[in-house]
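Just so we're on the same page: letters track the sequence lines, and every chain starts at 1.
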Amino acid sequence: MLKTSYLLSNKDEVIILLSKRGFDANNMVNEIIALDKKRKSIQVQYEETLAEINSISKTIGELFQSGEVSKTKPLKDKSSDLKKLSKDLASGLEDYKAKINSYLLQIPNIPHKDVPAGNDEIDNKIIYESKLDFDKNLTEPHWDLAKKYDIIDFELGTKITGSGFPVYKGMGAKLQRALISFFLDYNTDAGYEEVQIPHLVNENSAYGTGQLPDKEGQMYVVSSENLYLIPTAEVPITNIFRDVIISESDLPIMRTGYSPCFRREAGSYGSDVRGLNRLHQFDKVEIVKIEHPKESYHSLQKMKNHIEGIIKKLDLPYRIVTLCGGDLGFTSALTYDFEIFSPAQEKWLEVSSVSNFETFQSNRLKIRYRDNKGNIDLVHTLNGSALALPRVLAAILENNQSHDGINVPKVLQKYTGFSIIK
RNA sequence: AGAGAGGUGGCCGAGUGGUCGAAGGCGCACGCCUGGAAAGUGUGUAUACACCAAAAGUGUAUCGAGGGUUCGAAUCCCUUCCUCUCUGCCA
């Protein structure tokens with residue numbers, strides 16, 4: 001969520017940059033500015049009224065102590081009247097605040113200058129792409145391979161829960177565990193502190209990272225407890241720092257965590273959801289950084305390189321794209337997507353997304369830092385997948401298939417204890 | 001889940017209707033003292049929003065959260081969340 005004060009002082013720039021997303025902010029921004037002006041004038045009146053009530057009450061207190069009780073009556077009456085007035089002003093003030101807030105919630109983050117203009121993924125800018133050389137005779141899709149080697153059972157998951165909840169079996173399960181361990185080790189070696197976090201979060205947390213109210217329909221809800229199953233570990237990890245003022249010298253804060261992710265994925269169908277392409281429950285290792293505003297873009301590059309390093313270790317064909325305005329997530333200012341090639345589907349599968357949210361999340365979450373002069377300001381938050389498992393697994397199955405079986409990437413072998421699935 | 005106790009500033013802790021944003025202590029910062037340090041000593045020490053060109057200053061709100069009573073609420077009432085102790089259940 002953007003700050004009203006930022007909109008006030010950067011109005012024209014905001015409108016121009018948001019147009020890169022195809023978002024016309026002109027009316028909304030003007031409306032917010034007008035509403036905020038009214039809000040301020042009411043707030044002044046309201047606070048003046050309260051100040052008068054406070055001073056009358058003080059006087060009454062003094063009169064009581066000096067025994068002049070009879071003099072208090074007219075003051076009490078006046079104060080009661082003011083109280084009524086203040087209630088009206090308060091409700092007016094709340095109305096304005098609510099209206100301003102509802103507009104602010106509709107405005108996406110301001111794209112960074114590097115974000116290419118464009119409406120959809122066609123306009124994403126490919127900044128790196130591996131040369132593809134796979135054996136055209138070995139392009140069985142991962143769902144067939146999974147069945148052939150009996151490592152993932154989609155039907156069984158459907159029986160137990162429903163579609164999109166696969167059961168990983170034997171070497172498949174072990175490979176999953178190996179991937180999680182490898183990712184976590186790789187991340188902690190780079191300085192990310194590992195955390196284990198709750199997989200259910202409350203309303204405040206879901207609101208803080210922007211799942212509420214925007215993406216309410218994407219989350220599973222435990223209504224009896226008023227809790228939400230996390231769609232990503234980003235939610236609990238980032239919320240660790242909600243309402244916290246961090247001292248500047250502690251920045252950056254780097255965390256990594258594994259969690260299952262739960263997504264309803266309403267509206268998805270067809271080949272998009274085939275096999276491991278899109279699941280309701282999947283595993284992911286996440287990295288989160290809380291960063292000084294001055295450092296955040298430098299940090300984003302480092303995270304990008306870090307994630308690229310993981311994929312290289314797995315020795316899978318990949319590409320990196322800069323998301324264009326139209327494809328950019330609501331809360332992000334700049335996002336790089338990492339995609340791994342699926343030879344069987346002949347398409348690129350997104351396995352990671354790394355973003356700088358600047359102050360968009362920290363403003364909602366009230367994550368701030370204090371510099372050595374004592375000034376307080378919002379931090380920048382960044383996060384990325386490092387990595388999401390299912391599509392990595394799909395890519396390993398498809399890219400590493402051979403006549404003898406599936407070759408396990410070298411880096412994973414010390415975790416799996418086997419080098420080939422057959 | 002049942003019974004009881006309780007939630008106050010970075011931490012501990014006083015405060016049960018009236019100049020209380022809140023005593024006292026610890027911690028922290030700065031100064032004095034010291035050859036240096038410790039001890040001692042003095043001062044300061046929340047956040048948000050608003051007024052102001054800005055600083056200084058001032059106002060408003062915040063004592064788990066949300067409502068209410070009252071001229072006035074940390075203090076009284078209601079709702080709710082959380083913590084602790086005992087009992088129950090249990091990986």
Stepwise side chain to side chain donor-acceptor pair (under 3.5 Å) check, R274(A) with N277(A): CA-CA 6 Å; R274(A) 189 95 196 257; N277(A) 286 351; over 6 Å; no
Salt bridge (charged side-chain N to carboxylate O under 4.0 Å, His left out) between K169(A) and D150(A), worked out: CA-CA 7 Å; K169(A) 303 199 292 193; D150(A) 195 25; 3.1 Å; yes
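Using cut-offs of 30° and 60° for the angle between ring planes, the Y220(A) and F262(A) rings count as perpendicular.
Atom OH of Y168(A) has more than 12 heavy atoms from other residues, nucleotides or ligands within 6.0 Å. No more than 12 heavy atoms of other residues, nucleotides or ligands shown are found within 6.0 angstrom of CZ on R264(A).
Using a 4.0 Å heavy-atom criterion, one finds that L82(A) contacts no nucleic acid atom at all.
Separating the CG atom of N375(A) from the C1' atom of rA55(B) is a distance of 13 Å, rounded to the nearest angstrom. Atom OH in Y46(A) sits about 13 Å away from atom C1' in rG59(B), given to the nearest Å. For the pair E48(A) CD and rC51(B) P, the interatomic distance rounds to 11 Å; values are reported in whole Å. At whole-Å resolution of the value, CD1 in I376(A) and C1' in rU45(B) are 13 Å apart. Atom P of nucleotide rG59(B) and atom CG of L50(A) are separated by 13 Å, given to the nearest angstrom. In this structure, CD1 of I246(A) is placed 16 Å from C1' of rU47(B), rounded to the nearest angstrom. Atom P of nucleotide rC28(B) and atom CD1 of I245(A) are separated by 20 Å, given to the nearest angstrom.
S205(A) and N202(A) form a side-chain donor-acceptor contact under 3.5 Å, judged by distance and modelled atom types alone. H292(A) and E248(A) share a side-chain donor-acceptor pair at under 3.5 Å.
Using C1' as the reference atom, rA39(B) and rC81(B) are 46 Å apart when rounded to the nearest Å.
Evaluation of the side-chain hydrogen bond (donor to acceptor under 3.5 Å, both in side chains) rule for K284(A) yields T232(A), E286(A) as partners, not counting sequence neighbours. Every residue two or more places apart in sequence or in another chain was checked for a side-chain hydrogen bond (donor to acceptor under 3.5 Å, both in side chains) with S5(A), and none qualifies.
A salt bridge is defined here as a Lys NZ or Arg NE, NH1 or NH2 lying under 4.0 Å from an Asp or Glu carboxylate O, and D36(A) with R39(A) meets this definition.
If you check residues 92-106 of chain A against RNA chain B, you find no residue with a heavy atom closer than 4.0 Å. For RNA chain B, the residues of residues 31-43 of chain A within the heavy-atom distance limit of 4.0 Å (strictly under) are R39(A), K40(A), Q43(A), sorted by number.
Nearest-nucleotide positions on RNA chain B for E62(A) and R370(A) put E62(A) closer to the 5' end. Ranked by how close their nearest RNA chain B nucleotide is to the 5' end, R368(A) and V44(A) are led by R368(A).
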Summary of protein contacts for nucleotides 64-77 of chain B, nucleotide by nucleotide, where a base hit scores B, a sugar-phosphate-only hit scores S (4.0 Å, heavy atoms): -----SBBS-----
For RNA chain B, the dot-bracket pattern of Watson-Crick and G-U pairs whose distances stay under 3.5 Å, | for other-strand partners: ((((((((.[[[..)..(.....]]]((((((.......))))))((((((.....)))))).[[[[[..)....]]]]])))))))....
